[in-house]
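Reading through the structure tokens given below for one structure.
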Amino acid sequence: MAQLRGVLYPKYSGNDVIAVHFDEMADLLELQGANPFRVRAYRNAASTVRKTNIDLGQLIACGKPLPKLQGVGDDLASKIREIVTTGDCALRQRLRATVPSGMVELLSIAGLGPKRVGRLYQELGVENIQQLCQAAQQGRIRQLTGFGRKIEAQLLNSALRGLNKHRRFPLADVAPLAQGLIREIARIPGVEQATVAGSLRRMRDTVGDIDILVAAGPEVGVIARFIQLETVSTVLTKGHTRASVLLRSGLQVDLRVINPDVYGAALVYFTGSKLHNIALRKMAHKAGLKLSEYGLFGAHETFTCRSEADVYRALKLPWIAPELREDRGEIQAALAGQLPRLVELGDLKGDLHVHTLDSDGDNSIEEMALAARKSGLEYLAITDHFHSLQMAHGLIRERLLQQIDQIDALNARMGGVTLLKGIEVDILEDGSLGLPDDVLSRLDVVIGAVHTHFNLSRSKQTARYLKAIEHPYFSILAHPLCRLINKREPVDLDLDAVIRAAAARGCSLELNAQPERMDLFDIHCQHAKSEGVLISVSSDARDVADFSNLYFGVAQARRGWLRGQDVLNTRPVCAIKSLQCGV
DNA sequence: GCCGTTTTCGGCCCGACTGTTTTCAGTCG
């Protein structure tokens with residue numbers, strides 16, 4: 001569903017435009033009944049293009065040849081060039097001319113795939129969601145062979161409630177619900193293990209549903225107990241080994257009951273990602289083995305698969321952390337013995353982005369400091385907004401100078417945590433900073449952030465960021481892409497250029513761990529790391545409870561392959577203070 | 001449409017579940 005995937009990927013490079021075109025062509029080809037493997041080729045190419053760090057548009061603009069990309073042959077490479085140079089693709093135009101535009105949207109309805117959409121169109125003239133609702137309400141869908149009352153009701157329900165297959169929720173909203181379910185399921189007598197799987201276990205910043213695996217024998221009756229849980233509102237499907245339900249919150253949960261002897265194989269399979277699984281299966285195939293959720297099999301032997309480590313070991317691989325399982329080079333790194341030692345929450349020594357009562361926070365400086373100390377942090381940068389940001393009740397100049405004195409006094413009095421003097425200063429439309437140098441010079445940490453003018457052109461937006469980074473007192477770029485999950489798209493920006501500028505200036509980029517921000521994205525962290533730019537994993541806390549954001553921020557950093565040494569705030573406080581010493 | 005230690009053609013993951021029909025098609029993960 002090309003139109004409804006806005007949440008999933010950043011648009012920091014032109015690659016996303018290419019990927020959206022490929023996805024749309026896959027949808028349209030599928031609706032036309034094209035060879036399913038041809039459809040898959042377009043989807044695979046879209047995925048590859050999204051994952052690559054190379055800005056393909058930039059490359060073509062420089063007259064350089066395209067590198068070999070997985071799943072992109074001569075034909076799709078020529079279409080990439082066509083999209084980059086003309087902004088469109090002739091095949092896409094031809095397909096759009098033959099398929100009504102609303103039909104692509106119909107693919108987003110749960111229970112509708114290309115075959116059913118095709119029949120609804122041919123036999124009932126249904127071209128969009130509105131017409132689908134009308135046909136269902138008039139009882140016309142049930143009259144088609146192969147359809148019936150239940151399917152008709154399900155489609156109407158899905159369409160009316162806006163349930164679609166691509167809706168995603170912030171990780172931090174879903175994780176506590178999942179942990180609650182795991183606790184309940186683990187209490188069922190006879191259950192040996194219960195684990196979250198899927199994108200939630202891989203700690204993607206958004207998740208579409210909750211996947212849960214349970215190790216138990218068939219006599220335990222897990223499914224029957226599960227669908228009776230208090231939080232379950234609707235049972236969508238249930239069988240002997242699997243059930244899907246909706247929670248009262250509207251979130252879907254898929255539960256699978258697994259034989260404990262093959263729990264490891266099932267956990268690998270259902271944790272995914274799909275591309276990681278395919279890569280593992282290919283490896284197994286080459287070794288003459290067959291890997292599935294039911295185990296790993298040779299011609300004459302069956303391997304032990306009780307744990308994930310058993311499975312990876314049999315494939316001659318070390319265990320791979322779920323956050324890395326995206327087929328972004330983790331298997332090659334594992335084979336070479338070069339998997340990174342990923343950063344952990346306990347590696348963080350400080351937090352460099354925190355608000356207090358002086359701007360839009362709910363707690364005093366001292367309360368935030370005590371909470372940070374309790375969270376095991378050694379230092380904390382107080383970074384309230386300056387007054388140019390009216391909406392966050394920013395500090396006035398005099399108050400900021402008072403705050404500096406107050407921090408000195410608290411540092412003299414408090415033990416166990418060091419407070420740093422900081423500011424979250426606006427990057428104005430022209431790239432200048434909303435605070436004079438004589439004030440900036442008194443601070444330990446200057447975080448710059450864009451809070452207005454999100455819709456500048458790509459070139460103007462990039463120039464704005466680059467000018468800000470060049471400022472001698474600028475130390476960290478906060479929430480670089482300004483996205484809000486499900487609310488605001490990332491700004492259009494040449495992030496490659498920004499990362500290069502940060503590397504040249506010795507500045508850091510922030511990974512803002514507010515649940516609805518999660519900004520930077522994982523692939524950007526990986527890119528920044530490759531350019532030698534440190535990432536600051538920050539809570540952007542508004543109150544004392546918000547330090548828990550750091551858990552999810554670290555997860556995103558791990559998905560970006562970051563090690564402890566790649567994260568700015570794993571360093572001791574003296575290293576942070578020295579950021580401004582080179583000015 | 002891509003790919004290749006089974007290479008220029010033939011395979012591309014495949015099983016669970018549902019609703020419908022009565023042996024299977026379609027969807028989903």
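To find a chain, count down the sequence lines: A is the first, B the second, and so on, and within it residues start at 1.
Nucleotides B:dG1 and B:dT5 are separated by 23 Å at their C1' atoms, to the nearest Å. Taking atom P on both B:dT23 and B:dC28, the two are 26 Å apart, rounded to the nearest angstrom. Using P as the reference atom, B:dT6 and B:dT18 are 40 Å apart when rounded to the nearest Å. Taking atom P in both B:dG15 and B:dC9, one finds a spacing of 30 Å when rounded to whole Å. Separating the C1' atom of B:dT21 from that of B:dC17 is a span of 16 Å, rounded to the nearest Å. As rounded to the nearest Å, B:dA16 and B:dG11 have P atoms that lie 24 Å from one another. B:dT20 and B:dT27 have their P atoms separated by 14 Å, given to the nearest Å. The C1' atoms of B:dT7 and B:dC14 are separated by 25 Å, rounded to the nearest whole Å.
With rounding to whole Å, A:N259 atom CG is found 13 Å from B:dA16 atom P. Between the CD1 atom of A:I223 and the C1' atom of B:dC17 there is a distance of 12 Å, given to the nearest Å. Atom CE in A:M283 sits roughly 16 Å away from atom P in B:dG4 (whole-Å rounding). For the pair A:Q143 CD and B:dG19 P, the interatomic distance rounds to 19 Å; values are reported in whole Å. Atom CG of A:L112 and atom P of B:dT18 are 18 Å apart (whole Å). Atom P of nucleotide B:dG1 and atom CE of A:M25 are separated by 10 Å, given to the nearest angstrom. For the pair A:E30 CD and B:dT27 C1', the computed distance is 11 Å after rounding to whole Å. Rounding to whole angstrom units, CZ of residue A:R119 and P of B:dT20 are separated by 12 Å.
Ranked by how close their nearest DNA chain B nucleotide is to the 5' end, A:G239 and A:A41 are led by A:A41.
Summarising the local packing, CD of A:E230 is surrounded by 12 or fewer heavy atoms from other residues, nucleotides or ligands at distances under 6.0 Å.
Looking at heavy atoms from C-beta onward, A:H524 lies out of side-chain contact with A:D519 at the 4.5 angstrom threshold. A heavy-atom distance below 4.5 Å is not found between the side chains of A:E123 and A:Q143. Here the side chains of A:V207 and A:R202 are not in contact, with every heavy-atom distance at 4.5 Å or above. The shortest distance between side-chain heavy atoms of A:R517 and A:L484 falls below 4.5 Å. In this structure, the side chains of A:I258 and A:F270 come closer than 4.5 Å at one or more pairs of heavy atoms.
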Any protein N or O atoms within reach of nucleotides 22-24 of chain B? Criterion: under 3.5 Å, listing atom names and distances.
none

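When the side-chain nitrogen and oxygen atoms of A:T241 are compared with OP1 and OP2 of B:dC17, one or more of them lie within a distance under 4.0 Å. Phosphate proximity of B:dC3 to A:K68: present, with a side-chain N or O under 4.0 Å from OP1 or OP2.
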- Footprint string (nucleotides 10-15 of chain B, 5' to 3'): B base within contact, S backbone only, - free, heavy atoms under 4.0 Å: --BB-S
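B:dG29 and B:dC14 make up a base pair, with Watson-Crick or G-U wobble contacts both under 3.5 Å.
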- Message: I'd like to know whether A:S244 forms a side chain to side chain donor-acceptor pair (under 3.5 Å) with A:D254, so could you lay out the CA-CA distance, the side-chain angles of the two residues, the decisive distance to 0.1 Å, and finally the verdict.
- Response: CA-CA 4 Å; A:S244 291; A:D254 294 333; 2.6 Å; yes
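Listed candidates were B:dG1, B:dG26, B:dT20. Nearest to the side chain of A:K115 is B:dG26. Listed nucleotides: B:dT27, B:dT20, B:dG29. Nearest to the side chain of A:D254: B:dG29. Of the candidate nucleotides B:dG29, B:dG19, B:dG1, B:dG1 has the atom lying nearest to any side-chain atom of A:R38.
Cation-pi check for A:R483 over A:F521 is met; the charged atom lies under 6.0 angstrom from the ring centroid and within 45 degrees of its normal.
Heavy atoms of A:F270 sit nowhere under 4.0 angstrom from any nucleic acid atom. At the heavy-atom level, A:P36 lies nowhere under 4.0 Å from the strands shown.
Separation of atoms SG (A:C305) and CZ (A:F297) is listed at 7.0 Å; rounding is to 0.5 Å.
Taking the six-membered ring where the residue is Trp, A:Y312 and A:H276 present tilted rings, their angle falling between 30° and 60°.
For A:E293, the salt bridge (Lys or Arg N to Asp or Glu O under 4.0 Å) partners two or more places apart in sequence, or in a different chain, are A:R281.
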